[in-house]
Amino acid sequence: MMGILRAERTLLMGILNVTPDSFSDGGRFYDADAAWEQARRMIDEGADILDIGGESTRPGATAVSEEEELRRVLPMVERAAREWKVSISVDTCKPAVAAACLERGAKIINDVTGFRDSEMVEVARRHGAACIVMHMRGTPATMQSLTEYVDVVAEVKEFLAERVATLGAAGIEEIAIDPGLGFAKTAVHNFQLLRRLPELAALGVPVLIGPSRKRFLGTLADMEPMENRRDGTVAAITAAVLGGARIIRAHDVVEARRAIAVAEAVLRA
Ligand code: HH2
């Protein structure tokens with residue numbers, strides 16, 4: 001069955017961080033006009049989904065209040081839903097923020113904490129939202145000290161399978177899963193997850209991968225500082241699609257679109 005998170009082609013989710021402190025673009029789109037222009041640009045460039053976030057989840061980021069997060073994202077969600085056909089996702093782990101955005105036209109909740117808060121599940125159910133379930137441990141403040149795994153792929157898969165079952169039982173109809181590159185993972189873990197992505201894809205739920213500009217790429221030659229991670233991001237996207245990812249979350253839409261096109265052509269050949 002096709003839907004907002006499941007299509008014949010790989011879907012591209014463009015990232016809009018309305019924050020002062022996101023790891024790669026903090027402050028650039030904090031201003032409402034700059035955010036709007038960036039959203040328009042990503043849509044013109046071919047984004048299928050706009051992922052609007054008002055709280056950075058970078059390692060060590062400080063949490064923001066509900067009021068502040070709403071002040072950042074709600075006007076953008078409302079205006080985008082009114083003026084554009086693009087699907088709107090809200091990157092939040094707060095049920096009240098998710099509810100307000102769904103009431104203003106967002107259709108997808110992207111919760112990096114994996115809907116472990118039952119109130120979040122209830123909000124999604126009530127609004128008929130599609131859910132992106134990501135694996136992480138701890139909080140952005142603590143996650144990089146929680147990187148002990150026996151088999152990272154098996155453990156992430158087990159977590160995601162349990163979440164899919166729980167959300168399905170709660171009546172959530174559309175779900176995508178995400179191993180959460182960079183969230184409580186070492187660089188090697190991220191590469192193992194990419195290498196063994198078919199194991200996650202075997203769960204039969206669309207897999208989302210978000211490698212864009214992340215620090216694990218910077219562990220490889222010539223990918224520091226962050227500005228040097230664009231080409232590496234393209235390569236990681238290619239690997240993800242070849243491994244079975246069906247949704248790619250990225251900052252640079254044109255480059256991501258091209259990488260997806262190459263990987264899809266390889267898969268079709
Ligand atoms: N990565 C980030 C934020 N949200 N959501 C999903 N589903 N998957 C991801 O990999 C993911 C995510 C971190 O990237 P970014 O939004 O660019 O930075 P920040 O959290 O600092 O705003």
Side-chain angles (χ1 to χ4, degrees), residues 4-5 11-30 35 38-39 42 47 49-64 68-69 72-73 76 87-94 97-98 106 108-116 120 124 129-137 139-141 143-144 156 159-160 163-164 174-185 187 189-190 193-194 197 200 205-218 226-227 229-230 233 236-237 240 245-253 256:
I4 199 166
L5 295 174
L11 294 172
L12 180 44
M13 171 184 258
I15 303 170
L16 187 67
N17 286 321
V18 191
T19 61
D21 60 343
S22 284
F23 80 95
S24 78
D25 55 3
R28 280 189 61 201
F29 312 115
Y30 192 39
Q38 174 63 4
M42 289 193 292
I49 301 168
L50 197 57
D51 190 36
I52 303 175
E55 177 175 43
S56 174
T57 53
R58 77 185 150 77
T62 43
V64 302
E68 175 59 15
E69 199 178 328
R72 294 178 186 179
V73 299
M76 188 68 216
S87 306
I88 295 164
S89 155
V90 53
D91 186 346
T92 188
C93 43
K94 296 192 185 70
V97 172
I108 304 166
I109 305 176
N110 174 22
D111 179 3
V112 298
T113 63
F115 292 83
R116 281 175 287 176
M120 194 63 137
C131 296
I132 297 168
V133 181
M134 199 192 81
H135 173 275
M136 78 177 289
R137 284 174 168 177
T139 64
M143 63 186 179
Q144 286 315 102
V156 166
F159 170 85
L160 293 174
R163 294 282 75 207
V164 168
E174 264 216 83
I175 305 170
I177 53 173
D178 179 350
L181 300 186
F183 289 84
K185 319 278 182 328
H189 291 144
N190 295 312
L193 286 160
L194 282 173
L197 213 50
L200 299 183
V205 179
V207 175
L208 181 150
I209 295 290
S212 198
R213 303 180 185 170
K214 282 187 178 163
R215 191 179 304 185
F216 74 98
L217 299 170
M226 211 214 19
E227 295 69 48
R229 294 183 201 156
R230 284 196 184 207
T233 296
I237 291 171
R246 304 300 298 148
I247 309 168
I248 295 295
R249 182 180 183 275
H251 300 90
D252 302 298
V253 169

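Atoms within a ligand are numbered from 1 in the order they appear, just like the ligands themselves.
Checking side-chain atoms of Q144 against main-chain N and O of K185 turns up a donor-acceptor pair under 3.5 Å. At least one donor-acceptor pair under 3.5 Å links the side chain of E55 to the backbone N or O of V64. In terms of modelled atom types and a separation under 3.5 Å, the side chain of E69 and the main chain of V97 share no donor-acceptor contact. Q38 places no side-chain N or O within 3.5 Å of a backbone atom of L16 that could act as its donor or acceptor partner.
Nearest to atom 21 (O) of ligand 1 among the protein's heavy atoms is S56 OG, 2.7 Å. Summary of contacts: the protein heavy atom closest to atom 20 (O) of ligand 1 is T57 OG1, 2.6 Å. For atom 10 (O) of ligand 1, the closest non-hydrogen atom on the protein side is K214 NZ, 2.7 Å. Considering only non-hydrogen protein atoms, atom 11 (C) of ligand 1 sits nearest to R249 NH1, 3.5 Å.
Residue-environment remark: CZ (R58) exceeds the threshold of 12 foreign heavy atoms within 6.0 Å. Heavy atoms from other residues, nucleotides or ligands lying under 6.0 Å from CZ of R215 number 12 at most.
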When you look at D111 and R163, which way does the salt bridge (charged side-chain N to carboxylate O under 4.0 Å, His left out) test go after all the steps?
CA-CA 12 Å; D111 179 3; R163 294 282 75 207; over 6 Å; no
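Taking distance alone, with nitrogen or oxygen atoms compared against 3.5 Å, D21 stays at or beyond that limit from ligand 1. Between S24 and ligand 1, no N or O atom pair is found at a separation short of 3.5 Å. In terms of polar-atom proximity, D51 is not counted as a contact of ligand 1, lacking any N or O under 3.5 Å from an N or O of the ligand. For ligand 1, none of its N or O atoms has an N or O atom of F183 under 3.5 Å away. Between S22 and ligand 1, an N or O atom pair is found at a separation short of 3.5 Å. Where the criterion is an N or O separation shorter than 3.5 Å, residue side chain and backbone included, H251 meets it with respect to ligand 1.
Every atom of ligand 1 with a heavy atom of N110 under 4.0 Å away is listed here by number and element: 5 (N), 6 (C), 7 (N). Atoms of ligand 1 lying under 4.0 Å from any heavy atom of R58, numbered from 1 in the order shown and given with element: 20 (O), 21 (O). Below 4.0 Å from some heavy atom of V112 lie the following atoms of ligand 1, by number and element: 4 (N), 5 (N), 12 (C). For ligand 1, the atoms closer than 4.0 angstrom to any heavy atom of N17 are 15 (P), 16 (O), 17 (O), 18 (O), 22 (O). Set against the non-hydrogen atoms of D178, the atoms of ligand 1 under 4.0 Å away are 6 (C), 7 (N), 8 (N), 9 (C), 10 (O). Heavy-atom contacts of F23 reach the following atoms of ligand 1: 14 (O), 15 (P), 17 (O), 18 (O), 21 (O) (cutoff under 4.0 Å).
Ligand 1 is never approached by R213 to a heavy-atom distance shorter than 4.0 Å.
By the 4.5 Å heavy-atom criterion applied to side chains, R229 and S24 are not counted as neighbours. Between R249 and S212, every side-chain heavy-atom pair lies at or beyond the 4.5 Å cut-off.
Using a 4.0 Å cut-off between heavy atoms, I209 makes no contact with ligand 1 at all.
Considering T233, D252, D25 in turn, D252 is the only one that fulfils the side chain to side chain donor-acceptor pair (under 3.5 Å) rule with R213. When I88, N17, I15 are each tested for a side-chain contact (heavy atoms from CB on, under 4.5 Å) with I52, only one passes: I88.
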